[in-house]
Amino acid sequence: MVAELKAGQLTRERPVWSRDFGLFFAARAVARLGDTMLPVALAAGLLQHGYGAGAVGLAMAATAAAFAGLVVFGGVIADRFSTRKLMIGADLVRLVTQSLAAALFYSGHVVLWQICAIGFANGVAGAVFQPGVASTVPRLASDVQGANGAIRIAESAAQLAGPAAAGLLVGFASPGGVFAAHAATYAMSALCLLLLRLPPPAPGTGPASHGGSGAFRADLIEGWREFRSRTWLWGVIAVWCVYMIAVWGPTVPLVATEVVQQHGPRAYGLVNSALGAGTVVGGLLALRLRPRRMLRAGAMSLFAFAGFPATVGAGLGVPLMAAGAAAAGAGMSFWGVMWATSVQTQVQPDVLNRIHAYDVAGSLAMMPVGQALAGPAATALGAGHVLLVSGAMSLAIPVALLAVPAIRNLIRVDTPKAISAPGPLRERPCAEPTA
């Protein structure tokens with residue numbers, strides 16, 4: 001493993017940091033800060049108004065379902081319009097929706113369907129925003145892994161600060177204050193993106209000409225064809241669907257409700273901050289380590305995630321829960337950088353937004369299912385038992401990833417793929433590694 005890491009060391013063509021990358025870095029960090037405050041606000045706010053774990057799961061599932069169901073269309077839109085303008089517009093929409101949520105919680109008139117509707121609108125905006133992230137990173141930095149590692153650290157630092165700040169706001173103010181702060185983070189993100197100046201795209205990779213619904217459908221089909229031509233890509237997504245149902249989907253709402261109910265919102269803020277601290281460590285490791293087989297190294301790091309649901313499910317003390325969360329964050333963060341960099345460098349730019357959209361949709365498609373089932377499963381089996389099962393499944397997922405030769409043997413590429421040739425003779429952009 002050490003030899004493999006050393007073999008992958010490469011010299012950067014130019015520094016990651018620039019004015020424009022700094023703005024993008026700040027936009028991602030501040031938006032992530034708000035997003036990590038949201039679970040605390042939802043759990044504490046809905047529990048305060050007489051709702052239970054099932055309601056928290058449904059509220060989270062509304063956002064996830066809209067996002068996963070529409071992000072593929074967002075990918076086609078991102079390949080046809082300015083990604084920066086789309087991201088700014090999505091941030092402004094979420095500024096409005098979260099301000100509305102804050103008003104509802106401040107007024108004390110909280111109805112579950114309204115919170116779910118707001119979450120759905122946020123999911124739609126996120127589906128328009130997210131595809132552009134994939135193509136923006138390679139345009140801002142030639143060292144794609146370094147850029148992804150830096151962004152991961154920024155998002156992780158936000159994960160560290162966000163839940164703790166949310167816990168304090170809930171404790172000393174109200175859940176409405178958290179939603180107001182969340183709305184402000186989208187305003188700041190939109191401002192950073194407004195000031196951002198992206199370099200011109202490579203020839204042939206700019207927004208596509210508008211050809212009506214037929215051309216839109218053709219772009220959608222082309223993206224799917226490109227997606228399914230890569231075994232390593234759809235293989236990871238297939239495994240990730242199981243992960244979302246059995247691990248991540250139930251873990252997020254059940255950990256929130258279990259810790260809040262047993263130890264209070266401040267303890268949940270501490271556990272979630274430990275998760276954020278772990279992701280900072282994982283991001284730092286991803287900046288330094290350059291494995292030749294990135295997905296193999298990333299899959300191995302995922303074994304550490306089991307500590308998060310298992311410690312909460314076993315009813316261990318807050319310090320041990322925090323330790324499990326920190327280990328989980330480090331593993332997930334390292335995997336995230338390895339995965340994002342693989343997608344951004346193995347796929348040619350003219351289809352990257354669509355490929356990334358299929359990647360995100362497939363990755364998250366089953367999350368709302370897992371979240372929606374979390375409440376009924378906890379009622380039938382007990383939340384602790386469900387979390388223990390999630391911990392066991394966290395160990396099975398990386399085993400499944402490593403069992404696929406196309407995943408474990410994918411060789412890193414540090415320069416993003418060239419633009420694909422037009423027409424039916426387009427060469428596949430990624431030759432699958434042999435077992």
Side-chain angles (χ1 to χ4, degrees), residues 36 38-40 42-43 47 52-54 56-61 64 156 159-160 163 239-265 267-279 281-282 298-336 363-364 366-401:
T36 57
L38 187 58
V40 181
L42 277 175
L47 289 172
V56 177
L58 284 173
M60 293 181 177
S156 301
Q159 177 94 26
L160 180 63
V239 174
W240 220 247
C241 287
V242 178
Y243 181 85
M244 286 296 163
I245 294 175
V247 181
W248 190 256
T251 293
V252 173
L254 292 183
V255 165
T257 52
E258 282 294 288
V259 177
V260 169
Q261 287 177 340
Q262 298 296 325
H263 304 280
Y268 178 64
L270 176 63
V271 170
N272 235 11
S273 293
L275 183 70
T279 56
V281 173
M300 291 174 66
S301 74
L302 285 176
F303 283 107
F305 191 83
F308 188 30
T311 54
V312 179
L316 303 182
V318 173
L320 289 176
M321 292 179 191
M332 183 63 75
S333 178
F334 188 80
W335 161 262
S363 297
L364 300 181
M366 294 296 107
M367 185 169 70
V369 177
Q371 289 176 333
L373 292 176
T379 301
L381 304 174
H385 288 95
V386 175
L387 288 170
L388 288 174
V389 171
S390 294
M393 288 300 298
S394 297
L395 300 176
I397 292 300
V399 171
L401 291 172

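When reading the values below, keep in mind they use all heavy atoms of this one structure, side chains included, and skip hydrogens, waters and symmetry mates. Position 1 is the first residue of the sequence; numbering continues from there.
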Heavy-atom pair with the smallest gap, counting every atom of [X] and [Y]:
{"X": "Phe305", "Y": "Ser394", "result": "CD2-OG, 3.6 Å"}
{"X": "Ala59", "Y": "Leu42", "result": "CB-CD2, 4.2 Å"}
{"X": "Ala314", "Y": "Leu388", "result": "N-CD2, 3.9 Å"}
{"X": "Leu254", "Y": "Ala378", "result": "CD2-CB, 3.8 Å"}
{"X": "Gly391", "Y": "Ala306", "result": "O-CB, 3.4 Å"}
{"X": "Thr251", "Y": "Pro309", "result": "OG1-CB, 3.7 Å"}

Test applied, side-chain contact (heavy atoms from CB on, under 4.5 Å); reference residue, Phe308; option that passes from Leu387, Val247, Val255: Val255

Nearest-0.5 Å distance, CG of residue Leu302 to CD1 of residue Ile397: 9.0 Å

Nearest 0.5 Å, what's the CE-CD distance between Met321 and Gln262? 7.5 Å

Test item: Val399 and Phe303 side chains (from C-beta on) under 4.5 Å apart, heavy atoms: yes

Examine distances only and state if a side-chain atom of Ser333 and a backbone atom of Ala330 form a donor-acceptor pair shorter than 3.5 Å. no

What orientation do Trp240 and Trp335 show, parallel under 30°, tilted 30 to 60°, or perpendicular over 60°? parallel

